[in-house]
Amino acid sequence: MEDCLFCKISKGEIPSTKVYEDDDFFAFKDIAPVAPVHVLVIPKKHVQSIAALTEADAAVAGKMLFAIQKVASLLGLAEDGYRVIFNTGEKAGQTVRHLHAHILGGKEMAWPGV
Ligand code: AMP
Ligand code: ZN
């Protein structure tokens, strides 16, 4: 999608610190980390958010959990654990309207964290 920051990042049109890429997904370090490890996983296909998913996105939505699992393992988080956050919509703090999972790790995290 034109004028979408994360579409541009996944195409390499805007630089990022890439940590993983396959045919369907791209993962890169968050520019303003809130934990020692903070990586974003995005589908290459433009989908606005979880709220905008349709049946046509079923394959990508399903594969995304496995992409997150793979990236977390690459980051060395599999054993210690990690938190995955999908901010969905304005009130939840979503600022970039391209579906993305935050992977947070490398520290003890409190719960609830809202
Ligand atoms: P959200 O608030 O859930 O929409 O998350 C968007 C995230 O994208 C924030 O954590 C930002 O720090 C991050 N972000 C924004 N621009 C960039 C960028 N150019 N490269 C990496 N991360 C970014
Ligand atoms: Zn996009």
Side-chain angles (χ1 to χ4, degrees):
M1 189 203 185
E2 272 177 46
D3 270 351
C4 170
L5 175 64
F6 285 179
C7 282
K8 287 181 178 164
I9 285 179
S10 74
K11 289 180 196 151
E13 293 169 10
I14 289 178
S16 69
T17 306
K18 178 169 98 174
V19 301
Y20 175 76
E21 180 174 14
D22 63 23
D23 288 347
D24 299 313
F25 298 97
F26 191 90
F28 55 104
K29 289 189 180 174
D30 196 292
I31 206 168
V34 299
V37 182
H38 187 172
V39 165
L40 302 173
V41 180
I42 63 173
K44 290 184 174 176
K45 180 184 177 191
H46 180 86
V47 180
Q48 199 164 306
S49 71
I50 287 183
L53 287 168
T54 68
E55 279 302 316
D57 304 310
V60 97
K63 284 184 192 168
M64 192 164 180
L65 287 182
F66 289 103
I68 291 165
Q69 179 194 60
K70 187 160 199 171
V71 172
S73 291
L74 288 173
L75 294 167
L77 299 174
E79 200 168 315
D80 278 355
Y82 49 92
R83 185 166 290 171
V84 180
I85 296 174
F86 289 85
N87 292 327
T88 304
E90 253 176 61
K91 239 182 182 171
Q94 184 177 5
T95 57
V96 179
R97 293 180 176 197
H98 179 126
L99 178 65
H100 53 281
H102 296 257
I103 299 180
L104 302 174
K107 64 179 280 228
E108 292 282 335
M109 281 178 252
W111 185 259
V114 292

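For ligands, and for the atoms within them, numbers begin at 1 and follow the listed sequence.
Scanning all heavy atoms of the two residues, the minimum distance from Thr88 to Ala51 falls at CG2-N, 3.8 Å. Ser10 approaches Glu21 most closely through the heavy-atom pair O-OE2, 4.2 Å. Across all non-hydrogen atoms, the minimal contact from Pro36 to Lys107 is CD-CD, 3.6 Å. Considering every non-hydrogen atom in both Ser49 and Gln94, the closest pair reads CB-OE1, 3.5 Å. For the pair Met64 and Val41, the tightest heavy-atom approach, listed with the atom from each and the gap, is CE-O, 3.2 Å.
Aromatic ring pairs are classed by plane angle as parallel below 30°, tilted from 30° to 60° and perpendicular above 60°; the pair Phe28 and Phe26 is tilted. Ring orientation note: the planes of His38 and His102 are tilted relative to one another, at an angle of 30° to 60°.
Judged by distance alone, the side chains of Tyr20 and Asp22 do bring a donor and an acceptor atom under 3.5 Å apart.
For a heavy-atom separation below 4.0 Å, the residues in contact with ligand 1 are Leu5, Phe6, Ile9, Phe28, Lys29, Asp30, Ile31, Ala32, Leu40, Asn87, Gly93, Gln94, Thr95, Val96, His100, His102.
Excluding waters, the count of protein N/O/S atoms less than 2.8 Å from the Zn ion (ligand 2) comes to 4.
The NZ atom of Lys63 lies 14.0 Å from the CD1 atom of Ile68; values are rounded to the nearest 0.5 Å.
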